[in-house]
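Below, all heavy atoms of this structure are taken into account, side chains as well, without hydrogens, waters or symmetry copies.
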Amino acid sequence: MGTARKRSASRRTKHGESVKILLSGARIQKKIRELANEIRRDFPGEPLHLVGVLKGAVFFLSDLARQIPGEVSFDFIAVSSYGKETESSGQVKLTRDLDANIEGKTVIVVEDILDTGLTLQYLLRVFEQRKPKRLRVAVLLDKEERRIAPVRADYVGFKIPNAFVVGFGLDYAERYRNLPYVGTLSLGAGKKEERAQE
Ligand code: IMP
Ligand code: MG
């Protein structure tokens, strides 16, 4: 089977949903290597402190951390946005704080996806109060057209269209995080249309 064919393949799951590959694992890994080098170039010789937003950012952070040369430490924070489905409500709550103080550190917030920007806006406010030396943001995915809050990321893996995506840490009702690629999710209602395209 050719690569092109494989990329456009839909994987149907037992929940009646299907996932269509948007970004292959290889493309993601290549991009992460590029981002890691860019980050190190921007802060040569400086210890970097990565702060991952649980749970979506775990794979992005773990791959990114291993690709950045030199001194790197990391920590995790968790937030909940009061919504379990494909739409977040916009209200953000801190559910797990960092282990260590970030004062005086060069901090890079690592997020899976920038959507409305409300989560990141909240986190940046929290982190700024803690007086880091510098505060930067790295996101694997950016859905620019969905933005509500005026925030931007310094390092963006891929700009993607407005579709609900899963995989590489991103979930739908806690499922699909373990996919080694990013794909667009179609729920039951979208199934017919997708079949017609196949
Ligand atoms: P924001 O606050 O709207 O920017 O949303 C940020 C969070 O919503 C992300 O960290 C994800 O957890 C979740 N999210 C937004 N879009 C998607 C998506 O397409 N798939 C899975 N989770 C998403
Ligand atoms: Mg997240």
| message | As a quick check of understanding, evaluate side-chain contact (heavy atoms from CB on, under 4.5 Å) for Leu179 and Val166, giving each step before the final call. | response | CA-CA 8 Å; Leu179 296 177; Val166 293; 4.3 Å; yes
| task | Decide yes or no for Ile77 and Asp97: does some side-chain heavy atom of the first lie under 4.5 Å from some side-chain heavy atom of the second? | result | yes
| message | So Thr95 and Lys93, do their side chains get closer than 4.5 Å, heavy atoms only? | response | yes
| query | Should Lys133 and Glu103 count as an ion pair when the cut-off is N to O under 4.0 Å? | reply | no
| field | Which atom of Leu23 lies closest to which atom of Tyr181, heavy atoms considered | value | O-CB, 3.2 Å
| field | Non-hydrogen atoms of Pro47 and Thr106 that approach each other most closely | value | O-CB, 3.8 Å
| field | Nearest-0.5 Å distance that lies between atom CG in Asp154 and atom CZ in Arg136 | value | 5.5 Å
| Taking atom CG of Leu64 and atom CZ of Phe74, what is their separation to the nearest 0.5 Å? | 11.0 Å
| Do Leu50 and Val72 come close enough that some side-chain heavy atom pair is under 4.5 Å? | yes
| Side-chain heavy-atom pair Leu22, Phe158 within 4.5 angstrom cut-off | no
| Between CG on residue Asp42 and CG on residue Leu48, distance to nearest 0.5 Å | 9.5 Å
| Looking only at heavy atoms, what is the nearest atom pair of Ala78 and Leu54, with distance? | CB-CB, 4.0 Å
| said: Between Pro150 and Gln121, is there a side-chain heavy-atom distance shorter than 4.5 Å? | reply: yes
| note | In terms of heavy-atom contacts, Gly183 and Val19 come closest through CA-CG1, 3.8 Å
| note | CG of Leu114 to NZ of Lys143, rounded to nearest 0.5 Å, is 10.5 Å
| Taking 4.0 angstrom as the limit, do Arg33 and Asp63 come out as a salt bridge? | no
| request: Begin from the C-alpha positions of Leu141 and Val165 and carry the test side-chain contact (heavy atoms from CB on, under 4.5 Å) through to its verdict. | output: CA-CA 10 Å; Leu141 307 172; Val165 291; 3.9 Å; yes
| query | Salt bridge check: are Arg177 and Asp171 linked by an N-O gap of less than 4.0 Å? | reply | yes
| What pairs meet the salt bridge (charged side-chain N to carboxylate O under 4.0 Å, His left out) rule with one or both residues in residues 160-169, with sequence neighbours excluded? | none
| task | For residues Thr116 and Arg147, determine if any side-chain heavy atom of one lies less than 4.5 Å from a side-chain heavy atom of the other. | result | no
| Are any of the side-chain heavy atoms of Leu135 and Val109 separated by less than 4.5 Å? | yes
| Does the pair Lys105/Asp75 count as a salt bridge with the N-to-O cut at 4.0 Å? | no
| Test item: Ile108 and Ile39 side chains (from C-beta on) under 4.5 Å apart, heavy atoms | yes
| task | Assess whether side-chain contact (heavy atoms from CB on, under 4.5 Å) is satisfied between His15 and Tyr172, documenting all intermediate values. | result | CA-CA 11 Å; His15 295 275; Tyr172 174 64; over 6 Å; no
| query | Can you tell me how far the NZ atom of Lys55 sits from the CZ atom of Arg96, to the nearest 0.5 Å? | reply | 12.5 Å
| message | I'd like to know if Arg40 and Glu46 make a salt bridge, using a cut-off of under 4.0 Å between side-chain N and carboxylate O. | response | no
| field | Nearest atoms (heavy-atom pairs only) where Phe60 meets Leu140 | value | CE2-N, 3.3 Å
| query | Nearest 0.5 Å, what's the CZ-CG distance between Phe168 and Leu170? | reply | 10.0 Å
| request: Could you point out which residue of Leu94, Leu118, Leu120 forms a side-chain contact (heavy atoms from CB on, under 4.5 Å) with Val79? | output: Leu94
| message | Please determine whether side-chain contact (heavy atoms from CB on, under 4.5 Å) holds for the pair Asp112 and Val53, giving the CA-CA distance in whole Å, both sets of side-chain angles, and the decisive distance to 0.1 Å. | response | CA-CA 8 Å; Asp112 50 2; Val53 185; over 6 Å; no
| said: On a heavy-atom basis, which atom in Val51 and which in Leu61 lie closest, and how many Å separate them? | reply: C-CD1, 4.1 Å
